[in-house]
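In what follows, a single structure is set out as structure tokens and then discussed.
Everything quoted here is computed from the prediction, not taken from an experiment. For the numbers below, each heavy atom of this structure counts, side chains included, while hydrogens, waters and symmetry mates do not.
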Protein chains: 2
Amino acid sequence: MPADHLNGRREVTVSDVAAAAKVSKATAARVLGGYGAASEAVRDRVQAAAEELGYRPNALAKTMTTGRSNSIGIIVGDIENPFFAQATRGAADVAKAAGYDLILLNSDEHADAEENAVSVLLAKRVDGILVAPASTTDPSTLRAAVERGRPLVLFDRIADGLDVDAVVADNRAGARRLTDLLLEAGHRRVAFVSTIVHEGDYRVGDRLGSSSVGDRVTGFVEALEVAGIPDPARFVRLNARRDGVDAIVRGLVDEGITAIVASDSLIAQAAFRTLRELGIPIPTAVSLVAFDDADWTSLSAPAITVMAQPIHEIGAEAARLLIRRIAGDGSPHENVVLPQRLIERESIAPPPD
Amino acid sequence: MPADHLNGRREVTVSDVAAAAKVSKATAARVLGGYGAASEAVRDRVQAAAEELGYRPNALAKTMTTGRSNSIGIIVGDIENPFFAQATRGAADVAKAAGYDLILLNSDEHADAEENAVSVLLAKRVDGILVAPASTTDPSTLRAAVERGRPLVLFDRIADGLDVDAVVADNRAGARRLTDLLLEAGHRRVAFVSTIVHEGDYRVGDRLGSSSVGDRVTGFVEALEVAGIPDPARFVRLNARRDGVDAIVRGLVDEGITAIVASDSLIAQAAFRTLRELGIPIPTAVSLVAFDDADWTSLSAPAITVMAQPIHEIGAEAARLLIRRIAGDGSPHENVVLPQRLIERESIAPPPD
DNA sequence: AAACGCGCTGAGACCGGTCTCAATCTACGC
DNA sequence: GCGTAGATTGAGACCGGTCTCAGCGCGTTT
């Protein structure tokens with residue numbers, strides 16, 4: 001007994017409506033589907049029958065023949081992360097306006113979960129996929145989609161060697177600017193902290209797992225280089241998830257660092273907490289800046305100077321691009337780079353003497 | 001040309017694999033679908049052919065015959081709202097473990113968007129629906145799903161007259177406790193602020209659009225009544241979205257209110273900002289408490305005393321319940337009520353003399 | 001040796017739509 | 001009055017799976 005959840009009530013189909021309206025299945029399908037032509041009288045009769053029987057179209061059957069599912073898949077690291085939640089909302093709004101729905105999958109930034117997500121989406125015949133790739137350097141997990149010709153648009157980070165569209169923020173410029181602010185305030189010992197996984201100490205030129213973090217590191221290093229600070233790479237601290245932001249911040253303080261650039265607001269939050277626990281005042285003892293205008297950054301004391309990203313727009317633009325591709329736009333793949341915006345608050349001060 | 005996005009490459013089907021393996025379509029389907037029996041030799045040949053051709057099952061076709069889509073719909077107010085993001089994650093994890101995916105829809109707490117969302121989900125033949133109903137008092141938008149016998153589980157709020165399962169937090173007890181805390185500190189003039197839409201001034205017994213807010217108001221009023229404060233209803237301020245939290249808070253301050261219970265963390269945030277702008281110190285001049293342990297509440301100065309909800313668990317439990325229903329559990333509908341947890345911080349002080 | 005059971009396989013219907021194509025009907029032009 | 005374009009309708013194939021049922025080969029039972 002297929003398709004009848006509980007009570008034996010089978011879903012009413014076009015055939016049922018057709019029978020009730022005394023027309024052929026084809027005709028009923030035409031008026032119900034709104035595609036062919038039908039006389040006024042027949043149209044009314046069919047519509048009345050449909051109403052009467054409580055007809056609801058089966059979108060899956062439609063997809064079977066048309067090949068279009070009107071749904072797009074979105075793979076995020078973690079929907080609980082405000083960044084992804086906002087980007088998802090941006091994408092959802094654009095998608096909805098164009099008649100698409102979203103199938104949401106969390107990858108937890110894990111390659112196998114991502115690969116599995118792609119499989120699922122391909123099986124469900126989504127019209128296209130939006131994904132914040134777990135790995136910039138090894139996007140093999142996404143290859144299945146590309147090979148099958150399914151439109152794919154990346155957001156937040158790019159993927160090496162994958163010829164697809166991407167929408168990212170200008171992280172390099174943002175990091176540069178944020179770091180410059182610290183430098184201008186007189187800091188010479190400023191650290192960059194990220195949770196990204198990386199083998200061994202960071203060295204200039206190393207390719208990181210996420211292009212957005214990679215670009216931030218690059219911007220950070222550039223700023224230090226321009227300021228004439230020797231060996232900037234030593235100030236880059238990765239693997240904060242493994243080692244703990246808390247431990248890293250404590251280490252940094254011991255080393256006499258006077259300012260910290262947090263790679264995202266979650267790290268900034270942890271750093272803020274640690275500094276407070278340590279009784280180290282921000283910004284008088286240590287300055288702190290971060291990416292993303294998370295709500296707490298304007299509520300904390302002191303409020304945090306941040307580089308805001310157009311998160312909503314990143315998701316929206318990625319969706320727009322994807323929908324264009326689904327519609328058949330065959331122009332060369334684009335790499336959309338959106339500007340970030342500095343919000344200066346109270347977390348920067350000159351370094352203590 | 002159905003189902004061939006771009007390049008003429010058609011998807012490979014069971015028939016293709018069958019032909020390549022020189023067996024019938026039925027046999028190929030059996031080994032690929034893993035249901036019937038097949039000899040060792042045939043199994044290997046089919047699998048090899050599938051591998052060779054790059055066969056990917058079409059989940060939709062499967063759904064057509066089995067009637068099971070392995071996807072469940074989730075309708076939230078706004079995925080950008082941390083509450084919904086967390087609940088969604090909780091649901092997603094449980095769903096994934098059971099082999100289901102999530103189709104996400106935002107209702108913006110709007111009846112017509114919600115109705116539309118239900119339509120879409122029904123059309124896509126989801127196996128069940130999770131929804132935070134936009135309206136507790138008029139859940140007619142959800143009736144379509146219930147009538148069709150699609151399993152439906154509500155979360156965060158219940159719906160009047162709808163015989164379905166629901167998972168909510170114990171808002172009444174939570175509000176009671178939060179208010180008692182204020183009362184115990186000596187407050188007599190404490191207000192409750194919510195964004196919920198309500199016609200005219202609140203009067204005891206009024207049924208609100210959201211049962212969770214309704215329960216909070218009830219708990220709040222009870223606490224005041226027990227404390228012997230006359231006409232508690234006058235301290236309930238609704239419609240904060242329309243009127244602006246800012247304006248309401250200013251009005252409250254003018255009226256000499258000494259403590260505020262914010263119905264959610266977004267309201268608390270706005271109230272916090274307004275009080276700060278007004279130069280009114282928390283908690284010495286006005287005490288402030290709220291629902292939800294949003295990240296900023298522990299980072300702000302002062303940190304906010306909150307009633308935390310098991311948000312993740314609300315989503316997870318709702319998903320568990322839904323999956324049980326999908327599996328055919330026909331036991332009476334449940335109303336799961338999860339306890340809230342008080343987190344005392346620094347935003348309560350005795351009222352100023 | 002006939003009957004039976006069982007494992008394996010294939011033919012073909014079915015799910016609920018869309019779509020092509022042919023048949024029929026109508027109305028218009030000359 | 002007749003030919004024909006155009007509108008309307010119906011029959012049936014098709015999408016890609018699942019599933020029922022019958023047929024076949026072969027070892028076992030009696």
Side-chain angles (χ1 to χ4, degrees), chain A residues 1-5 8-46 49-50 53-70 122-125 127 148, chain B residues 1-5 8-46 49-50 53-70 122-125 127 148:
Chain A
M1 21 93 269
D4 71 311
H5 267 270
R9 225 178 318 119
R10 196 180 53 88
E11 304 271 353
V12 3
T13 72
V14 209
S15 298
D16 298 332
V17 175
K22 303 198 188 307
V23 296
S24 73
K25 178 182 163 196
T27 299
R30 269 189 288 260
V31 359
L32 260 16
Y35 49 96
S39 68
E40 195 63 22
V42 166
R43 197 190 315 279
D44 290 350
R45 222 162 64 219
V46 171
L53 298 178
Y55 169 76
R56 292 249 171 188
N58 180 333
L60 301 180
K62 182 173 193 163
T63 300
M64 284 292 298
T65 59
T66 61
R68 307 258 341 250
S69 62
N70 288 310
L122 251 22
K124 298 212 166 167
R125 297 296 190 262
D127 292 332
R148 294 200 135 50
Chain B
M1 19 94 266
D4 69 313
H5 268 272
R9 223 180 319 119
R10 199 179 52 88
E11 304 270 352
V12 3
T13 72
V14 210
S15 297
D16 299 331
V17 175
K22 301 196 188 312
V23 295
S24 73
K25 179 184 164 194
T27 300
R30 270 188 286 260
V31 1
L32 261 15
Y35 50 96
S39 69
E40 194 63 24
V42 166
R43 197 191 315 281
D44 291 350
R45 225 164 57 221
V46 171
L53 298 177
Y55 169 77
R56 292 247 171 189
N58 181 333
L60 301 180
K62 183 172 191 162
T63 300
M64 285 291 299
T65 59
T66 61
R68 307 259 340 251
S69 62
N70 286 311
L122 251 22
K124 297 211 166 165
R125 298 296 190 262
D127 292 331
R148 294 202 135 48

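- Listed nucleotides C:dG17, C:dA11, C:dC19 differ in distance to A:Ala61; the shortest reach to its side chain belongs to C:dG17.
- Distances shown here put every side-chain N or O of A:Tyr35 at or beyond 4.0 Å from the OP1 or OP2 atom of C:dC19.
- Distance A:Lys25 NZ to D:dA11 P: 12 Å, rounded to the nearest Å.
- In this structure, the separation between CG on B:Leu32 and OH on B:Tyr55 is 4.5 Å, given to the nearest 0.5 Å.
- Between A:Ala26 and B:Glu40, the residue whose closest nucleotide on DNA chain C is further toward the 5' end is B:Glu40.
- What separates CZ of A:Arg43 from P of D:dA7 is a distance of 13 Å, to the nearest Å.
- Distance from the side chain of A:Met64 is smallest to C:dG16 among C:dA11, C:dG16, D:dC19.
- Taking atom CZ on B:Arg56 and atom P on D:dG17, their separation rounds to 13 Å, with Å as the unit.
- Of the candidates C:dA11, C:dG17, D:dG17, D:dG17 carries the atom nearest the B:Asn58 side chain, counting heavy atoms from C-beta on.
- Rounded to the nearest 0.5 Å, atoms CE (A:Met64) and CG (B:Leu60) are 7.5 Å apart.
- A pairwise comparison of heavy atoms in A:Ala18 and A:Ser24 identifies CB-O, 3.6 Å as the closest pair.
- Residue A:Thr27 places at least one side-chain N or O under 4.0 Å from the OP1 or OP2 atom of D:dG10.
- Under 4.0 Å is where a charged nitrogen must lie from a carboxylate oxygen, and between B:Glu11 and B:Arg56 no such pair does.
- Protein atom NZ of A:Lys22 is 20 Å distant from nucleotide atom C1' of D:dT8, rounded to whole Å.
- Of the candidates D:dG17, C:dG17, C:dC19, the closest approach to any side-chain atom of B:Lys62 belongs to D:dG17.
- As rounded to whole Å, 12 Å separates atom P of D:dC19 from atom CZ of B:Arg68.
- If you check C:dG17, D:dT8, C:dG10 against the side chain of B:Val23, the one that comes closest is C:dG10.
- For A:Thr66, no side-chain nitrogen or oxygen approaches OP1 or OP2 of C:dG17 to under 4.0 Å.
- Residue A:Ala29 is in base contact, counting any heavy-atom pair closer than 4.0 Å across all strands shown.
- Spacing between atom CG of A:Leu60 and atom C1' of C:dC14 amounts to 16 Å, rounded to whole angstrom units.
- For the pair B:Thr65 and C:dC15, the criterion of a side-chain N or O lying under 4.0 Å from OP1 or OP2 is not met.
- In this structure, of C:dG17, C:dT9, D:dG17, it is C:dG17 that holds the atom nearest to the side chain of A:Thr13.
- Looking only at distances, no side-chain donor or acceptor of B:Asp44 sits under 3.5 Å from a matching main-chain atom of B:Ala41.
- The side chain of B:Tyr55 lies closest to D:dG17, out of C:dC19, C:dG17, D:dG17.
- Put simply, CD on B:Glu11 is 16 Å from C1' on D:dC14, counting in whole angstrom units.
- Proximity of a side-chain donor or acceptor of B:Asp127 to a complementary backbone N or O of B:Asn70 within less than 3.5 Å is detected.
- The shortest distance between the side-chain N/O atoms of B:Ser15 and the OP1/OP2 oxygens of D:dG17 is not below 4.0 Å.
- Between the side chain of B:Arg30 and the base of C:dG10, a donor-acceptor pair under 3.5 Å is found.
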